[in-house]
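Taking it in order: structure first as structure tokens, then the write-up.
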Amino acid sequence: MLDPKLLRGDPEKVKAGLKNRRGDPSLVDEFTAIDEKWRKLTAGIEEKKARRNAASEKIGELKRKKEDASALLAEMKTLSDEIKELETKQQALESDLNNLVLGLPNLPDGSVPVGEGSAENIEVRSWGEKPAFSFKPLPHDELGQRLGILDFARAAKIARSRFVVYRGFGAALERALISFMLDLHTKEHGYIEVLTPLLVNADSLRGTGQLPKFAEDLFRCQDDDLYLIPTAEVPVTNLHRDEILEPEKLPLKYVAYTPCFRREAGSYGKDVKGIIRQHQFNKVELVKFTAPENSPAEHEQLTADAEKVLQKLGLPYRVVQLCTGDLGFASAKTYDLEVWFPSEGAYREISSCSNFGSFQARRAGIRYRPRKETKPEFVHTLNGSGLAVGRTFAAILENYQQEDGSIVIPEALQPYLGGLRKFSAI
RNA sequence: GGAGGGAUGGCCGAGCGGUUGAUGGCGGUAGUCUUGAAAACUACUAUGCGCGUAAGCGUAUCGGAGGUUCGAAUCCUCCUCCCUCCGCCA
């Protein structure tokens, strides 16, 4: 959520920011118009309430002295009715204002390149050497099926399309990746591991920005009004919703493994093959709460922490900075990590590391007190995948495939697979 | 699922229609005392919103949403969460 004071104080700046990220600047004018009405109305209501409060006190006094208060009483009756009527109008304005503000995306950070879409994203750096093959490298889904470790047909039978069954070594590899990532981030990067609910309420989704705008992307349990999480960002960031954090505890760093559930509405026909785009996938997520002045540095570090996973696994990747037009709804600045897929001869997103500034903190009421005597301020929140496990699985199959159809296990992963160095179909 | 009990400020805990934003305690901050510290004592110590350059003024907030009333932390209705007992269950 944007600061209403910024919306009021510098509407032109907000409009410019919205334009850059392909938002609708006219919403700012709409806000101003409703806000002005609201303020006028509110001032009137408060003035009436002040009168009522004063009179009520007097009535109490009169009654205690057993004097007659009926004239005042009658007067206050009509005043109270007036207030009630005005408050109905006020509530309508507030709800309009609220919906409007909750629908506004975050403003891009000043350091983000202006651009229309993914074509204008900027490669920041790349790492690793793309493997050279003396044969035509196969796509991961084909490898997985040949090795008997991925089963799409049966997953579609028991659920529907865009689900997968991991079998045998496949299941073990997925589990090994999860453990490896969690160990790396907890033991070497200082994150606290959390295991959260996978179902969350609407307040949580509003806090991180998935609601109200992106309801169609979520699986919802209608009877209970709970939603399956689309990312661990939701439960982990909301861990501290409506809290005031101790400044000495910042930065607070969490890592969480969770399955993620996405309806993928509107992506029909996109990535239909393989495990790149599934309704359910595993992800290890990094989440940070920081003081505002530290968030840029923490953002760089978080990105580096995610990169470390790819480096240890020996997977070639590049870091891309998203331009203003490609930024996610809540993000002020984002780096995508893209891993190399030999079968496609292309890099594909495997992690997205974002600084949300105070956008989520304001929605979710996450604050800290810089000093004992100062007022609480909103923290900055950041998060990034460290990494998307399914896509990491796919990248390993593709990058480590051998001509005989076997898969070489990256060294860092071997301890998690009982020392296995290579997997071949049985 | 059935029967009961509860939710109040950073925390504990009073209040149960009329200066109650809310007694008291703990914690915190500042000061007095002390060579220093502890102890003791004194003062201060919630947040949102509006108006105002500011001091400040107004208003709202006692789990949430409604209602009754001139006036609600206190009464009524619905909802959520927590606790105890029974049932069921991994």
Side-chain angles (χ1 to χ4, degrees), chain A residues 1-10 31-102 195-207 211 220-227 235 238-250 252 289 358 361-379:
Chain A
M1 187 164 79
L2 298 178
D3 188 351
K5 291 200 177 87
L6 179 69
L7 242 29
R8 262 185 219 138
D10 199 349
F31 170 86
T32 310
I34 303 173
D35 183 55
E36 250 156 47
K37 268 194 218 163
W38 176 84
R39 278 194 283 177
K40 216 172 198 176
L41 187 66
T42 301
I45 290 172
E46 291 193 352
E47 184 269 325
K48 284 187 183 352
K49 281 186 174 175
R51 269 202 280 152
R52 185 181 66 182
N53 286 348
S56 286
E57 212 172 294
K58 201 163 210 172
I59 290 168
E61 226 171 276
L62 289 174
K63 288 220 164 171
R64 240 174 288 126
K65 289 193 219 153
K66 311 257 190 230
E67 289 177 25
D68 177 49
S70 53
L72 251 187
L73 234 52
E75 196 184 323
M76 285 309 109
K77 174 70 181 158
T78 51
L79 184 64
S80 257
D81 289 343
E82 267 175 62
I83 291 173
K84 207 166 281 179
E85 212 180 299
L86 292 175
E87 274 182 330
T88 308
K89 283 186 197 163
Q90 185 192 34
Q91 276 170 15
L93 287 178
E94 275 172 9
S95 125
D96 288 351
L97 225 40
N98 217 4
N99 289 338
L100 211 154
V101 174
L102 284 176
L195 191 60
T196 69
L198 306 180
L199 289 166
V200 295
N201 56 36
D203 284 341
S204 294
L205 289 154
R206 210 170 295 120
L211 287 180
R220 177 172 170 212
C221 303
Q222 204 159 4
D223 288 347
D224 300 281
D225 210 16
L226 290 169
Y227 300 78
N238 279 282
L239 231 36
H240 296 297
R241 172 151 48 86
D242 295 324
E243 288 186 19
I244 299 174
L245 303 171
E246 302 293 329
E248 58 272 17
K249 293 207 176 122
L250 302 180
L252 247 179
F289 301 82
S358 57
R362 181 170 280 110
R363 285 175 163 248
I366 310 169
R367 298 177 293 176
Y368 81 115
R369 210 183 286 277
R371 286 192 309 284
K372 291 277 182 216
E373 66 278 9
T374 57
K375 288 202 166 194
E377 279 177 35
F378 291 112
V379 299

Please measure how far the C1' atom in B:A38 lies from the corresponding atom in B:G48, and state the result in whole Å.
40 Å

Checking all strands, does A:Ile59 fall into the base, sugar-phosphate, or nothing category for heavy-atom contacts under 4.0 angstrom?
base

With sequence neighbours left out, what residues match A:Ser95 under side chain to side chain donor-acceptor pair (under 3.5 Å)?
none

Under the side chain to side chain donor-acceptor pair (under 3.5 Å) rule, collect the residues that match up with A:Asn238, sequence neighbours excluded.
A:Arg241

Say you pick atom P in B:C62 and the same atom in B:G67; how far apart are they, in whole Å?
15 Å

Is the backbone of A:Leu102 close enough, under 3.5 Å, to the side chain of A:Arg363 for a donor and an acceptor to pair up by distance?
yes

With sequence neighbours excluded, what pairs up with A:Arg367 under the salt bridge (Lys or Arg N to Asp or Glu O under 4.0 Å) test?
none

Residues that A:Glu243 engages under side-chain contact (heavy atoms from CB on, under 4.5 Å), provided they are two or more places apart:
A:His240, A:Leu245

Using the C1' atom in both, what is the distance from B:U68 to B:U74, to the nearest Å?
13 Å

Residues 52-59 of chain A, side-chain donor-acceptor partners within the protein, below 3.5 Å, at least two apart:
residue : atom : partner : partner atom : Å
A:Arg52 : NH1  : A:Ser80 : OG           : 3.3
A:Ser56 : OG   : A:Arg52 : O            : 3.1

A correct dot-bracket answer for RNA chain B, with pairs being Watson-Crick or G-U at under 3.5 Å, [ ] for crossing pairs and | for inter-strand pairs, is ((((((((.[[[..)..(.....]]]((((((.......))))))((((((....)))))).[[[[[..)....]]]]])))))))....

Tell me which donor-acceptor pairs under 3.5 Å the side chains of residues 84-94 of chain A have, and how far apart each pair is, sequence neighbours excluded?
residue : atom : partner : partner atom : Å
A:Glu87 : OE2  : A:Lys49 : NZ           : 2.8
A:Thr88 : OG1  : A:Lys84 : O            : 3.0
A:Gln90 : NE2  : A:Thr42 : OG1          : 3.2
A:Glu94 : OE2  : A:Trp38 : NE1          : 2.9

Over all atoms of both residues, closest heavy-atom pair of A:Phe378 and A:Gly365
CE2-CA, 4.3 Å

Those residues at least two apart in sequence (or on a different chain) that pass side-chain contact (heavy atoms from CB on, under 4.5 Å) with A:Val101 are A:Met1, A:Leu7, A:Phe31

Measuring only the P atom in each nucleotide, how far is B:G71 from B:A60? A whole number of Å is fine.
12 Å

Output all residues satisfying side chain to side chain donor-acceptor pair (under 3.5 Å) with A:Asp81, sequence neighbours left out; order by chain, then residue number.
none

Quick check on contacts: within residues 40-56 of chain A, what sits under 4.0 Å from RNA chain B by heavy-atom distance?
A:Glu46, A:Lys49, A:Ala50, A:Arg52, A:Asn53, A:Ser56

P-based separation of B:U20 from B:G2 [nearest Å]
43 Å

Who pairs with A:Asp203 by side chain to side chain donor-acceptor pair (under 3.5 Å), at least two apart in sequence or on another chain?
A:Arg206

Between B:A22 and B:U47, how far apart are the P atoms? Round to whole Å, please.
14 Å

With sugar-phosphate meaning primed atoms plus P, OP1 and OP2, does A:Lys63 contact a base, only sugar-phosphate, or nothing at under 4.0 Å between heavy atoms?
base

Same-atom distance (P) from B:G21 to B:C16, integer angstrom:
15 Å

Rounded C1' spacing from B:G13 to B:C86 in Å
32 Å

Using a 4.0 Å cut-off to any heavy atom of chain A, which nucleotides of RNA chain B are the first and last in contact, reading 5' to 3'?
B:G18 to B:G71

Closest nucleotide of RNA chain B for A:Asp35 versus for A:Leu72: which of these residues is on the 5' side?
A:Asp35

